[in-house]
Amino acid sequence: MTSAALVARTTAWFDLHARALPWREPACTPWGVLVSEVMLQQTPVVRVEPRWRDWLTRWPTPAALAEAPTGEVLRAWGGLGYPRRALRLQECARAVVAEHDGVLPRGEEALRALPGIGAYTAAAVTAFAHGRRSVVLDTNVRRVLGRTLRAEALPSPHLTVAETRAADAVAPADDAEAARWAAASMELGALVCTARSPRCDACPVADLCAWRAAGYPADAHAARRRVQGWAGTDRQLRGATMRLLREAHAPVARTDIEARLTALIGDFDPVRVDAVLAGLVTDGLAVAAGPDHLGLPA
DNA sequence: AACCCGGGGAG
DNA sequence: CTCCCAGGGTT
């Protein structure tokens with residue numbers, strides 16, 4: 001199909017079906033948009049929305065977040081996952097205060113120089129907060145373009161240069177239209193062109209879709225996809241430890257943490273537990289409180 | 001390029 | 001149970 005038809009139909013569909021998300025409201029600040037994007041890195045919208053509201057109410061500006069106790073930031077992040085994102089968001093706020101007079105800079109290059117902001121988030125903020133053209137390529141847009149243009153069931157495990165170039169060619173030249181296309185293509189991927197069971201009967205470009213026309217060929221990259229385990233992994237142990245530290249109102253004894261982790265992995269493995277806790281300290285997610293207690297950072 | 005990093009809900 | 005999710009940083 002032509003890019004023009006894909007863009008025109010998808011944006012028209014978006015005007016009718018866009019979700020009323022709080023970070024899409026005109027009154028939302030660029031900082032609010034950035035906070036939403038960081039929270040949405042690997043966490044679904046339904047889980048982010050309440051946390052985002054609490055967070056922005058408590059710390060509405062970079063300056064406010066910069067001054068917050070890191071332990072409180074981690075508690076407010078709660079169970080959103082990947083708590084290093086919360087740490088980086090506060091680092092980002094402090095960098096904005098120190099280097100940009102407390103105002104989130106414009107332009108993808110300046111944004112990418114900030115902690116926790118990569119290619120996707122810089123493009124997203126540029127489009128959604130600043131209303132300027134950028135090539136927003138998240139997992140939703142990659143899937144939509146892969147299916148409609150290239151008849152691919154799912155995007156490759158890693159973003160390719162060719163993919164970025166193709167997405168650039170699709171994005172409208174006009175700033176406002178490009179920003180609208182970015183939001184619309186993400187929304188189509190999130191609501192209709194979903195990974196597991198696409199709702200082609202509700203899709204505005206179904207009759208133009210290359211994947212559909214080709215008879216829904218299977219995922220060519222299926223064999224290369226990694227199955228991320230969970231039970232017994234370091235990530236589970238780290239997450240359980242962080243939960244203990246968040247919910248406690250004082251530093252937690254290492255023996256209590258060991259008991260919790262032992263329950264998860266089945267038997268007591270002091271070497272492994274020590275390594276997990278040391279990793280949390282190294283990452284700045286936890287600090288030693290005395291010789292045998294661990295707590296959240298100040 | 002490969003690997004690491006959480007957690008919950010849908011199917 | 002498996003799979004997925006508005007990715008980024010480090011090595």
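Since the structure is predicted, the reported quantities are computational estimates derived from the model, not experimental observations. Excluded from the calculations below are hydrogen atoms, water molecules and symmetry mates; all remaining heavy atoms, backbone and side chain alike, are included. Each chain gets a letter, A, B and so on, in the order the sequences are listed, and its residues count up from 1.
With both ends at atom C1', the span from C:dA6 to B:dC3 equals 22 Å, rounded to whole Å. Here, C:dG8 and B:dG8 have their P atoms 23 Å apart, quoted to the whole Å.
Following rounding to the nearest Å, A:R246 (CZ) and B:dG7 (P) show an atom-to-atom distance of 6 Å. In this structure, A:H158 atom NE2 and B:dA1 atom P are separated by 8 Å, rounded to whole Å. Distance, A:W230 CH2 to C:dC3 C1': 15 Å, rounded to whole Å. In this structure, CD of A:E247 is placed 10 Å from P of B:dG7, rounded to the nearest angstrom. Atom CG of A:D283 is separated from atom P of C:dT11 by 10 Å (rounded to the nearest Å). In this structure, CG of A:L188 is placed 14 Å from P of C:dC5, rounded to the nearest angstrom. If you take CD of A:Q236 and P of B:dC4, they are 16 Å apart, rounded to a whole angstrom. Spacing between atom CE of A:M186 and atom P of C:dC5 amounts to 12 Å, rounded to whole angstrom units.
For A:R196, taking side-chain heavy atoms from C-beta onward, the closest of the listed nucleotides B:dG6, C:dT2, C:dA6 is C:dT2. The side chain of A:P44 has B:dG7 as its nearest neighbour among C:dC4, B:dC5, B:dG7. Between B:dG8, B:dC5, C:dA6, one nucleotide has an atom nearer to the side chain of A:D234 than all others, and that is B:dC5.
The residue A:A124 sits apart from the nucleic acid: no heavy atom pair falls under 4.0 Å. Within the 4.0 angstrom heavy-atom criterion, no nucleotide atom of any strand lies near A:L87. Residue A:W23 is in base contact, counting any heavy-atom pair closer than 4.0 Å across all strands shown. A:A240 comes within 4.0 angstrom of the backbone, heavy atoms only, and of no base.
The pair A:D283-A:R84 meets the salt-bridge criterion, since a charged nitrogen lies less than 4.0 angstrom from a carboxylate oxygen. Classification of A:E91 and A:R88 as a salt-bridged pair fails, no side-chain N sitting under 4.0 Å from a carboxylate O. Salt-bridge formation is detected for the pair A:R75/A:E72: a Lys NZ or Arg NE/NH1/NH2 atom is positioned less than 4.0 Å from an Asp or Glu carboxylate oxygen.
In this structure, the side chain of A:R260 does not engage the main chain of A:D256 through any donor-acceptor pair within 3.5 Å.
In this structure, A:S197 and A:R47 both approach DNA chain B, and ranking their closest nucleotides by distance from the 5' end singles out A:R47.
Counting atom types as modelled, A:R238 pairs no side-chain N or O with a base atom of B:dG6 as donor and acceptor under 3.5 Å.
Annotation for A:L280 and A:R238: closest pair CD2-CZ, 3.7 Å, computed over non-hydrogen atoms.
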With 3.5 Å as the limit, what N/O pairs link the protein to nucleotides 7-9 of chain C?
unit_1, atom_1, unit_2, atom_2, d
C:dG7, OP1, A:T139, N, 3.4
C:dG7, OP2, A:Q42, N, 3.4
C:dG7, OP2, A:Q42, NE2, 3.4
C:dG8, OP1, A:G118, N, 3.1
C:dG8, OP1, A:T121, N, 2.8
C:dG8, OP1, A:T121, OG1, 2.4
C:dG8, OP2, A:Y120, N, 3.2
C:dG9, OP1, A:G116, N, 2.8
C:dG9, O4', A:R88, NH2, 3.4

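The hydrophobic clustering, which links ILVMFWY residues whose side-chain heavy atoms are closer than 4.5 Å, places A:M186 and A:L111 apart. A:F128 is not connected to A:I117 by any chain of hydrophobic side-chain contacts under 4.5 Å among Ile, Leu, Val, Met, Phe, Trp and Tyr, and they are in different clusters. Grouping the Ile, Leu, Val, Met, Phe, Trp and Tyr side chains by contacts below 4.5 angstrom, directly or via other members, places A:I257 with A:I265.
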